[in-house]
2 protein chains.
Amino acid sequence: MTDVVGRLRAVLGDHVHDDADALARHRRDHWVLSELGDLEGTLGEPPLAVAEPGSSEEVAAVLQACRAGGTPVVPFGGGSGVCGAVVAPPGSVVLSTARLDGLIDLEREDLRASFRAGTQGLAAEQQLAEQGLTLGHWPQSIELSTVGGWVATRASGQFSTGYGSIEDLVLGLEVVLAGGEILRLPAHARAATGPDLRQLFLGSEGTLGIVTEVTLSVRPEAPARRKQAWHFADFAAGLEALRGLLAAGVRAPVLRLYDAPESQRHFAELCPEGRAMLLLLHEGAEPLLGAEAALARACCERAGGAEGAEEAVDHWLEHRNRVPGFREFLERGIIVDTIEVTSPWSRAAALYEAVTASLREIEGMLLATGHASHHYRSGTGLYFTFAARPEQASLRETYERCWDRTLRATLAAGGAISHHHGIGRVRREALGKELGPEGVALLRSLKQALDPEGLLNPGALIPDARPAEATTP
Amino acid sequence: MTDVVGRLRAVLGDHVHDDADALARHRRDHWVLSELGDLEGTLGEPPLAVAEPGSSEEVAAVLQACRAGGTPVVPFGGGSGVCGAVVAPPGSVVLSTARLDGLIDLEREDLRASFRAGTQGLAAEQQLAEQGLTLGHWPQSIELSTVGGWVATRASGQFSTGYGSIEDLVLGLEVVLAGGEILRLPAHARAATGPDLRQLFLGSEGTLGIVTEVTLSVRPEAPARRKQAWHFADFAAGLEALRGLLAAGVRAPVLRLYDAPESQRHFAELCPEGRAMLLLLHEGAEPLLGAEAALARACCERAGGAEGAEEAVDHWLEHRNRVPGFREFLERGIIVDTIEVTSPWSRAAALYEAVTASLREIEGMLLATGHASHHYRSGTGLYFTFAARPEQASLRETYERCWDRTLRATLAAGGAISHHHGIGRVRREALGKELGPEGVALLRSLKQALDPEGLLNPGALIPDARPAEATTP
């Protein structure tokens with residue numbers, strides 16, 4: 001096995017690391033069960049090495065070197081995932097995209113920009129901002145995650161209701177396939193040239209190829225903003241307002257509805273107790289900007305909303321990316337996580353009620369709350385947060401119970417088991433239920449076609465027959 | 001071979017046709033080379049039979065019956081394609097979706113509607129209109145094409161700039177796979193649950209599975225419209241105006257720019273000679289509607305446009321789906337066709353000039369003109385029309401020369417070889433150039449994974465090593 005490391009060094013020189021620190025930093029993402037395993041010292045043997053190729057050709061060489069030894073390869077972008085897509089098994093090699101960095105090309109007239117896959121999200125936005133441009137893609141992980149990671153996980157940003165999720169922004173891709181072939185899918189505004197091959201890699205979580213370059217659609221920075229805050233009798237009333245906003249054609253980049261507990265948690269001074277807060281952030285140029293704000297106001301009034309202080313939007317803008325780490329909770333015996341799903345509008349209020357009520361029944365539950373922050377004409381993303389300090393059950397058992405109840409309720413409501421965090425390991429079994437046996441068979445046949453030896457990120461995403469203990473930390 | 005027909009009759013009873021009329025009506029689409037072959041009597045032997053299954057289970061049974069005999073299956077929707085995706089070879093069975101008809105379910109709150117694949121486009125819109133809803137998908141073929149055909153060909157409608165193309169509308173799909181498995185991909189507003197499997201079938205042109213049911217996103221019918229017409233010094237100036245409109249966030253459903261010859265052809269009275277006409281149709285509710293129209297007006301003025309009579313928009317609305325058939329031209333020794341491609345904005349004017357100039361050099365060329373009618377922040381669809389009455393070359397040679405020059409120029413400009421008509425047979429070779437060897441290999445590996453025996457619509461879409469004579473009429 002270790003001759004793989006030798007072969008990698010022959011290709012990459014010093015850009016192969018096998019010191020304990022590098023292995024510890026790259027063996028996993030932020031999945032809370034990995035965090036827990038780390039705390040408990042149960043993660044087991046680390047991977048063999050971390051390889052940092054500096055070009056697509058070097059990525060191909062890494063894959064070929066690993067293939068020759070039958071060595072699994074775990075791609076690693078920013079490591080900001082929360083579902084366990086990165087759990088590098090013993091004997092594997094982690095392929096970090098850290099050196100595949102930077103803006104390659106900016107085509108101003110065509111409003112598109114090409115980045116190497118390892119470009120860190122905020123750096124990408126900053127390079128565009130110098131030109132008065134933006135992607136409009138602002139995941140909470142923007143300071144950690146990478147452009148390639150966004151593609152691999154089908155990411156959504158906080159402004160997605162107006163500007164789209166990553167699949168709406170990707171124009172072209174370069175991907176290195178399992179056999180080392182470098183595939184370039186050209187950047188087109190739109191095409192009817194067979195199936196959209198880019199879509200194989202969007203959401204593939206490193207199991208079908210390594211994304212090395214991404215061409216994204218960009219837009220001029222919005223010249224102005226308008227902010228509004230409204231509050232509603234309850235979460236269901238707020239959802240009804242949102243449904244109306246979307247049906248009326250309001251595409252404000254930010255529309256965030258919090259249930260009553262979250263409204264208190266985040267905006268105590270700014271929202272009457274027991275009410276559900278809705279934040280609106282409009283962006284653009286007059287006269288469209290003012291027209292959209294006026295239309296939104298009419299929709300909120302019609303839905304029984306009461307206007308609140310727009311300072312709530314500023315407060316959100318300032319604090320939006322500050323999230324406490326899981327670790328500090330775990331150390332206090334508390335298990336915390338978030339679960340986001342997609343629901344049709346017609347089931348959203350009932351699904352919210354069913355999930356929060358069901359979570360609150362679990363022993364030691366401290367809080368089970370929700371918000372809705374990504375919307376479409378046909379449905380919305382529901383984002384649940386729970387925290388529990390169980391006395392009888394273990395943290396792990398409690399955790400699994402929460403996930404199981406939430407995903408079961410989502411499947412029963414005809415929802416999607418993930419809106420934007422992805423599958424990783426925590427949702428792998430539920431994905432099988434969502435896709436059904438025919439869908440799972442199709443996904444496996446794609447895996448077989450693209451990675452017949454099964455070396456790309458084994459254990460993530462694809463429901464299969466491996467024993468669970470080999471794929472969880 | 002004929003025992004296939006017996007097996008089909010055992011499953012479908014009277015819904016298997018092998019009379020000359022049924023075979024003639026289902027053996028091909030509207031591809032002009034098929035039209036020419038028909039006129040010249042060179043189409044050769046027809047397929048064995050036309051099977052009309054009435055349910056997904058019957059579609060599965062048809063595929064199984066054909067598979068048992070190694071019989072190729074050619075799916076047939078409305079037959080309105082113009083690129084030769086439907087050319088049923090001798091010994092094949094045509095699977096018509098005609099009996100898979102009608103609205104299955106309308107979920108008003110979720111703004112989604114499920115149709116059987118064979119539902120004719122205008123019938124689908126009419127059923128929705130009764131509820132005050134619309135898809136907003138209006139291909140010129142709306143009276144001929146089917147919902148399933150839209151998916152199989154990655155169709156765009158005339159209102160796509162505002163309302164999206166078919167891939168933006170498809171929420172859920174049911175597909176029968178080559179082995180007869182019925183795959184249901186659930187309707188979600190958005191999901192991060194692995195690669196988007198629906199995308200395998202969008203644009204697959206019947207080569208990867210048979211679409212049997214489609215869930216589409218619908219929208220309330222727009223309460224009001226605004227119309228504008230502007231004219232510009234030339235096509236390039238009009239393109240520049242369009243680029244500005246899209247960058248500014250104008251998403252009017254219809255923005256149509258015609259070059260000077262087409263402006264004269266369609267709007268003689270309404271457009272000064274030598275000028276390029278731009279039609280704008282805005283839809284929606286106040287105050288957004290008025291704001292968008294005002295912003296568009298400012299963009300057109302800034303780009304040097306002069307305002308024209310909005311009657312031009314009414315004229316287009318009335319005449320938009322009237323197209324003369326190819327046949328009447330062929331009978332007069334004239335070959336006519338249209339070729340649509342996608343270009344980045346930065347290359348669009350030059351590509352338009354290069355293609356029209358190059359076509360005009362061809363012997364016997366009567367006209368070579370263009371318009372642009374589907375737009376994106378990063379580029380636009382260019383739609384070329386040519387007509388030639390060659391004296392020396394054959395109609396077929398002239399035709400191939402036109403296509404070859406147009407697609408070569410498009411590839412050289414970094415454009416996509418089809419915006420929305422698809423690949424069929426006429427672009428199959430060029431698709432190989434656009435995708436490159438790695439892309440072709442990937443497409444073939446998908447074909448191998450989904451249809452290992454190669455029985456689904458052989459000869460369409462996928463560049464391969466078959467001799468050309470087996471796949472052209």
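Given the structure is predicted, the values throughout are model-derived calculations rather than measurements. Values below: every heavy atom of this structure, side chains too, minus hydrogens, waters and symmetry copies. In what follows, chains carry the letters A, B, and so on, assigned in the order in which the sequence lines appear, proteins first and then strands, with residues in each chain numbered from 1.
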Region of A:Gln448 in contact with chain B, defined by heavy-atom distances below 4.5 Å: neither
Are B:Phe201 and B:Leu183 packed together at the side-chain level, in the sense that at least one heavy-atom pair is separated by less than 4.5 angstrom? yes
Determine the interplanar angle of the A:His374 and A:His420 rings, folded into 0 to 90°, and report it as parallel if under 30°, tilted if 30 to 60°, perpendicular if over 60°. tilted
Identify which part of A:Ala247 has an atom lying under 4.5 Å from any heavy atom of chain B, answering side chain, backbone, both or neither. both
Can you tell which part of A:Leu171 gets under 4.5 Å to a heavy atom of chain B, answering side chain, backbone, both or neither? side chain
Salt-bridge present (A:Lys447, A:Glu205; N to O < 4.0 Å): no
Is a side-chain N or O of A:Gln199 found less than 3.5 angstrom from the main chain of B:Asp196, in a donor-acceptor match? no
By a 4.5 Å heavy-atom criterion (distance strictly below it), what part of A:Val218 contacts chain B: side chain, backbone, both, or neither? backbone
Taking the inter-plane angle between the rings of B:His419 and B:Tyr376 on a 0 to 90° scale, is it parallel (under 30°), tilted (30 to 60°) or perpendicular (over 60°)? tilted
Contact class of B:Leu288 relative to chain A, heavy atoms under 4.5 angstrom: both
Decide, yes or no, whether a salt bridge links B:Arg427 with B:Glu340 under the criterion of side-chain N to carboxylate O below 4.0 Å. yes
Go through the atoms of B:Leu197 and report whether side chain, backbone, both or neither lie under 4.5 Å from a heavy atom of chain A. side chain
Under 4.5 Å from a heavy atom of chain A, the part of B:Leu442 involved: side chain
Residue part contacting chain B, namely of A:Pro344, when any heavy atom lies under 4.5 Å: both
Pairs of heavy atoms under 4.5 Å with chain B: top-ranked of A:His375, A:Arg112, A:Glu286, A:Glu167: A:Glu167
Let me confirm one number: the OG1-CG distance from A:Thr410 to A:Leu351, rounded to the nearest 0.5 Å. 4.5 Å
Side-chain H-bond candidate by donor/acceptor type, A:Thr212 with A:Glu174, under 3.5 Å: yes
Taking side chain as everything from C-beta outward and backbone as N, CA, C, O, which of these in A:Leu431 sits under 4.5 Å from a heavy atom of chain B? Side chain, backbone, both or neither. side chain
Portion of B:Ala285 that has a non-hydrogen atom of chain A nearer than 4.5 angstrom: neither
Contacting region of A:Leu200 [heavy-atom separation from chain B under 4.5 Å]: both
Which residue out of B:Ser204, B:Ala189, B:Ala187 racks up the most heavy-atom pairs below 4.5 Å with chain A? B:Ala189
Between OG on residue A:Ser114 and CD on residue A:Glu107, distance to nearest 0.5 Å: 6.0 Å
For B:Arg243, is it the side chain, the backbone, both, or neither that has a heavy atom closer than 4.5 Å to a heavy atom of chain A? side chain
Picking from B:Ile417, B:Ile182, B:Thr380, B:Leu185, which has the most non-hydrogen pairs under 4.5 angstrom with chain A? B:Ile182
Do the side chain of A:Asp451 and the main chain of A:Leu208 share a donor and acceptor less than 3.5 angstrom apart? no
State whether the side chain of A:Arg444 and the backbone N or O of A:Pro463 hold a donor-acceptor pair below 3.5 Å, judged by distance alone. yes
Tell me, for A:Leu446 versus chain B, whether the close heavy atoms (under 4.5 Å) come from the side chain, the backbone, both or neither. side chain
May I ask you to name which of B:Thr153, B:Leu111, B:Thr193 has the most heavy-atom pairs under 4.5 Å with chain A? B:Thr193
Side chain, backbone, both or neither: which part of B:Glu283 has an atom under 4.5 Å from a heavy atom of chain A? neither
